[in-house]
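These notes concern the structure reproduced below.
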Amino acid sequence: MLGPFNRGGRRKPMGEINVVPFIDVMLVLLVIFMITAPMLTQGVQVDLPQVSSEPIEETEDRDPINVAVESDGRYSIWVGDDEPREVGIDEIAERVIILLERQPGTPVMVHGDRNVPYGKVVTLMSTLQTAGVSNVGLISEPPPGDS
């Protein structure tokens with residue numbers, strides 16, 4: 001009797017490819033990319049260009065809430081044509097909450113000095129978000145030469 005490895009018998013070549021290991025590897029790679037993709041967008045340093053933009057339409061019945069980050073990192077807040085008042089970051093949230101309770105839907109405008117660290121602007125935006133502001137306008141000046 002001849003064993004399974006006899007030389008005399010003819011074996012048919014196997015025409016099927018086992019794809020189960022390939023699918024396992026692809027699923028593992030998919031999970032890895034899904035986890036790491038959100039982390040890839042953090043920590044990017046950019047030099048923002050100066051561009052022209054369309055002005056924001058003003059509402060006739062409401063003066064906007066203006067919040068500024070000055071070049072030395074100080075914060076100021078004012079409404080409409082009032083005088084800016086220097087405040088801390090915690091006081092900004094309190095004041096914005098009070099102002100939005102009085103007049104919901106009041107636009108909030110952020111004035112950021114170009115020399116201010118990006119982290120200060122992000123801190124301000126986060127504070128405004130926790131205060132219930134869903135839409136913030138960023139104030140800019142046109143580049144030199146635009147009219």
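In this chain, numbering begins with 1 at the start of the sequence shown.
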Separation of Leu100 CG from Ile98 CD1 (nearest 0.5 Å):
10.5 Å
Say you draw a straight line from CZ of Arg102 to CD1 of Ile97; how long is it, rounded to the nearest 0.5 Å?
13.0 Å
Is Leu29 reachable from Phe22 through a run of hydrophobic residues whose side-chain heavy atoms are each under 4.5 Å from the next?
yes
I need the minimum non-hydrogen distance between Pro64 and Met109, along with the two atoms involved.
CB-CG, 4.0 Å
Separation between OG1 of Thr127 and CD1 of Ile89, rounded to the nearest 0.5 Å
3.5 Å
Thr106 side chain to Gln103 main-chain N or O, any donor-acceptor pair under 3.5 Å?
yes
Gap between atom CD of Glu70 and atom NE2 of His111 - 0.5 Å precision
11.5 Å
Counting only heavy atoms not in Gln129 (residues, nucleotides, ligands), do more than 12 fall under 6.0 Å from its CD?
no
From Thr123 OG1 over to Leu128 CG, what is the distance, rounded to the nearest 0.5 angstrom?
11.0 Å
Give me the atom names and distance for the closest heavy-atom approach of Ala131 to Val96.
CB-CG1, 4.1 Å
Any chance you could measure Glu94, atom CD, to Ile77, atom CD1, to the nearest 0.5 Å?
10.5 Å
Short side-chain to backbone donor-acceptor contact, Tyr75 and Glu91, under 3.5 Å
no
Taking the side chain as every heavy atom from C-beta outward, state whether Asp63 and Trp78 have any atom pair closer than 4.5 Å.
no
Shared hydrophobic cluster, Phe33 / Met26 (ILVMFWY, side-chain heavy atoms < 4.5 Å):
yes
Taking side chain as C-beta onward, heavy atoms only, is Asn66 less than 4.5 Å from Asp82?
no
